[in-house]
2 protein chains.
Amino acid sequence: MTAPRAPSPPTGAGDAARERLLDVAERQFAERGFAETSIRSITTDAGCNVSAVSYYFGNKLGLYTAAIRRRLDGIREQRLLAIREATADLDETADGLDRLLRHFSGVFVAPLLDEGGAQLMSLFLREFVTPQLDPGFLIDEILEPVERALAEALAKVSPGLGPIDARLCAMSHVAQLGHVCHLREGNQGAAGVIDAVIDHVVRFTADGVRAAAARSARVTPAGEVS
Amino acid sequence: MTAPRAPSPPTGAGDAARERLLDVAERQFAERGFAETSIRSITTDAGCNVSAVSYYFGNKLGLYTAAIRRRLDGIREQRLLAIREATADLDETADGLDRLLRHFSGVFVAPLLDEGGAQLMSLFLREFVTPQLDPGFLIDEILEPVERALAEALAKVSPGLGPIDARLCAMSHVAQLGHVCHLREGNQGAAGVIDAVIDHVVRFTADGVRAAAARSARVTPAGEVS
DNA sequence: GCGCGGGTCAAACGAACGTTTGATTTCGAC
DNA sequence: GTCGAAATCAAACGTTCGTTTGACCCGCGC
C-alpha cells in the first residue's frame with residue numbers, strides 16, 4: 001500500500017517524475033496562476049498520472065509550495081551575495097555606491113534575461129499579489145531580508161546616511177527594479193531597452209542616496225559618525 | 001422573452017441589482033482574484049439570482065470587465081487632473097518640482113486611505129499581474145497616459161531635463177508609488193507610516209530629477225533650450 | 001522463485017463551477 | 001382590469017476540477 005500517502009512527501013530527490021512535475025508546475029503556475037492551472041494540465045505535460053501529485057506532494061497546494069520553495073532560497077542568496085560582494089572591497093575609491101547599485105541591480109534583473117527566468121519572476125510576482133501561501137510569506141522570505149541587507153550596505157558606502165533613510169532608499173531602489181520586472185514580463189520593451197532602464201535606475205537611486213546623505217550630514221554636524 | 005440575452009448588455013444604468021452586482025464583484029474580485037471568485041458567491045452577497053450576471057453582463061468576464069471599467073476612467077482622470085493642477089500655476093517660485101510631485105503622489109495613494117479604496121487598488125494590481133482582459137489593457141488605459149503626462153510635467157518644471165530622462169524619472173516615481181500600494185495592501189505598515197514614506201518618495205524623486213536635469217544641462221550647454 | 005514495497009496507472013467519485021432554460025413576478029401604460 | 005416587457009427566480013445541464021481508489025509493473029533482497 002502506497003507508503004507516502006501521508007501529508008509529508010515521500011523522498012527528497014532522485015525521482016525523475018518528481019523533478020519533471022516541479023519544472024512543469026513552475027512554468028504553468030507562472031503563466032496562468034494557481035487557480036487557472038489544473039493538475040491534469042501539469043501532469044499531462046510532465047508525462048505522468050494525475051495521482052503523482054498527491055503521491056509526491058500531498059495535494060495541489062503542496063506542489064505549488066514545493067515549486068516556489070525550490071527556487072526561493074537560491075534567488076535570495078544570489079541577491080544577498082551580490083550585496084556582500086559589492087561591499088567587500090570597499091576600501092578603494094569613492095564610487096562604492098555606484099558599484100554597489102550596479103552590481104545588485106544586475107543580479108536582481110538577471111533572471112529576466114535568461115530563458116525561463118522571466119517566468120520565475122512572474123511566479124513570484126503572482127504569489128506576491130495573489131498569495132496562495134501565508135500572506136507576507138514572500139515579504140518575509142525575500143523582500144525584507146534583501147531590503148534590509150541593501151539598506152545596511154547603502155549606509156556603509158554613504159557616509160552620513162542614517163538607518164531610516166537607508167531603509168527608505170533601499171525600498172525605493174527595489175521598487176524600481178520590481179517595476180522593471182513587471183514591464184519586462186508584459187513584453188513591454190525589448191531586452192535591449194532593459195539595460196538602458198537599469199542604467200537610469202542606478203543613476204537615479206545613486207543621486208537620491210547622495211542627496212539624502214548630504215541632507216543628513218547637514219543636520220548632523222559633519223565629522224560626527226552615526 | 002428576456003430581451004437582453006444578446007451579448008450586449010441591456011440597459012446602462014438605473015437597475016438596482018446591476019449596481020449591487022458591480023459593488024460586490026469589485027470587492028470579491030479584489031479580495032480573491034478572478035478565478036477564485038465564483039458567480040454564486042457574488043450573487044449571494046448581492047442578494048440576487050445567479051442568472052442576473054448573464055442577464056446584465058453576458059457572462060462572468062463581462063461582469064469583471066464592467067467592474068474594472070466603472071472605476072478606471074475616474075482614477076485616471078483624477079491623476080491627470082492632479083498633474084494639470086500642479087503645473088498650471090507654474091509662474092511662481094522655483095519649487096514647482098516639489099509641489100508637482102507632492103500633489104501627484106497624494107492623489108495617487110489617496111484611494112488607499114479611503115474605506116474600500118485599498119481593495120480598488122488591489123483589483124487593479126491583480127489585473128496588472130494576472131490579466132484576464134487583453135494583456136496591456138491597464139498599461140494602455142492608465143499606466144502609459146499617466147506616466148506620459150507626468151513626464152511632460154517633469155520636463156516643464158525642470159529646465160534642462162530631456163524628454164527621455166523625464167520619461168525614465170516618471171517611471172521611477174510611479175514605480176515607487178505602486179510599491180507603496182503593494183505594501184499597504186498587505187497590511188504592511190500602519191496608515192500613519194504611509195505619509196512618512198510618501199514624503200521620502202517625493203524627496204527621493206525630486207533629488208533624482210534635479211540631478212538628471214543638471215547632468216543634461218552639463219552635456220547640453222546652458223541656455224540652450226531643448 | 002518469491003515476496004515486498006516503491007512507483008505508476010486508468011478509472012471513478014463527489015463537489016463546484018459557469019451557463020442556460022423556462023416559468024413566475026413585478027409594474028407602468030393604456 | 002389587462003397586457004407586455006423587464007426583471008427575477010428555482011432548477012437543471014454539462015463540464016471541469018481535485019482527490020481517491022485499487023490494481024498493475026518492476027527491481028531488489030532473500
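Values reported hereafter were calculated over all heavy atoms of this structure, with side chains retained and with hydrogens, waters and symmetry mates removed. Below, chains carry the letters A, B, ... as their sequence lines are ordered, and counting in each starts from 1.
Look at CZ on A:R40: it is 14 Å from P on C:dC13, rounded to the nearest Å. The NZ atom of A:K60 sits 17 Å away from the C1' atom of D:dT20 (whole-angstrom rounding). Atom CZ of A:R18 is separated from atom P of C:dG6 by 16 Å (rounded to the nearest Å). One interatomic measurement links the two molecules: CD of B:E36 to C1' of C:dA16, which rounds to 14 Å at whole-angstrom precision. Here D:dC17 presents its C1' atom at 18 Å from OH of A:Y64, a figure rounded to the nearest Å. A straight line from CG of A:L61 to C1' of D:dC17 spans 15 Å, rounded to a whole angstrom. The interatomic distance linking A:F34 (CZ) with D:dC17 (P) rounds to 13 Å, in whole Å. Across the protein-nucleic acid pair, B:Q132 atom CD and C:dG18 atom C1' stand 14 Å apart, rounded to whole Å.
A:N49 has a side-chain polar atom (N or O) that falls below the 4.0 Å cut-off from OP1 or OP2 of C:dA10. In this model, the phosphate group of C:dT19 is not approached by any side-chain N or O of B:S54 to a distance below 4.0 Å at OP1 or OP2. Phosphate proximity of D:dT8 to B:Y56: present, with a side-chain N or O under 4.0 Å from OP1 or OP2. Between B:S51 and D:dC9 there is no side-chain N or O to OP1 or OP2 distance below 4.0 Å.
Base contact: A:V50 has a heavy atom under 4.0 Å from a base atom. Looking at heavy-atom distances under 4.0 Å, B:T37 makes contact with sugar-phosphate atoms alone, never a base. B:A17 comes within 4.0 angstrom of the backbone, heavy atoms only, and of no base.
Here the side chain of A:T37 pairs a donor or acceptor atom with the backbone of A:G33 at under 3.5 angstrom.
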For this session: Take A:V202 and A:L101 through the side chain to side chain contact (heavy atoms under 4.5 Å, CB included) test and state the conclusion after the steps.
Result: CA-CA 6 Å; A:V202 169; A:L101 290 175; 3.9 Å; yes
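With distances taken from any side-chain atom of A:Y55 to the nucleotides C:dC9, C:dT19, C:dG7, the minimum falls on C:dG7.
Taking the salt bridge (Lys or Arg N to Asp or Glu O under 4.0 Å) definition, one finds that A:R79 meets it with nothing, sequence neighbours left out.
With a 6.0 Å cutoff to the six-membered ring centre and a 45° limit on the axis angle, A:K60 counts as a cation-pi contact of A:F34.
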Less than 3.5 Å apart, which donor and acceptor atoms pair up between the side chains of residues 168-175 of chain B and the rest of the protein, not counting sequence neighbours?
residue: B:S172; atom: OG; partner: A:Q176; partner atom: OE1; Å: 2.6
residue: B:S172; atom: OG; partner: A:H200; partner atom: NE2; Å: 2.8
residue: B:S172; atom: OG; partner: B:L168; partner atom: O; Å: 3.3
residue: B:H173; atom: ND1; partner: B:T205; partner atom: OG1; Å: 2.8
residue: B:H173; atom: NE2; partner: B:S105; partner atom: OG; Å: 2.8

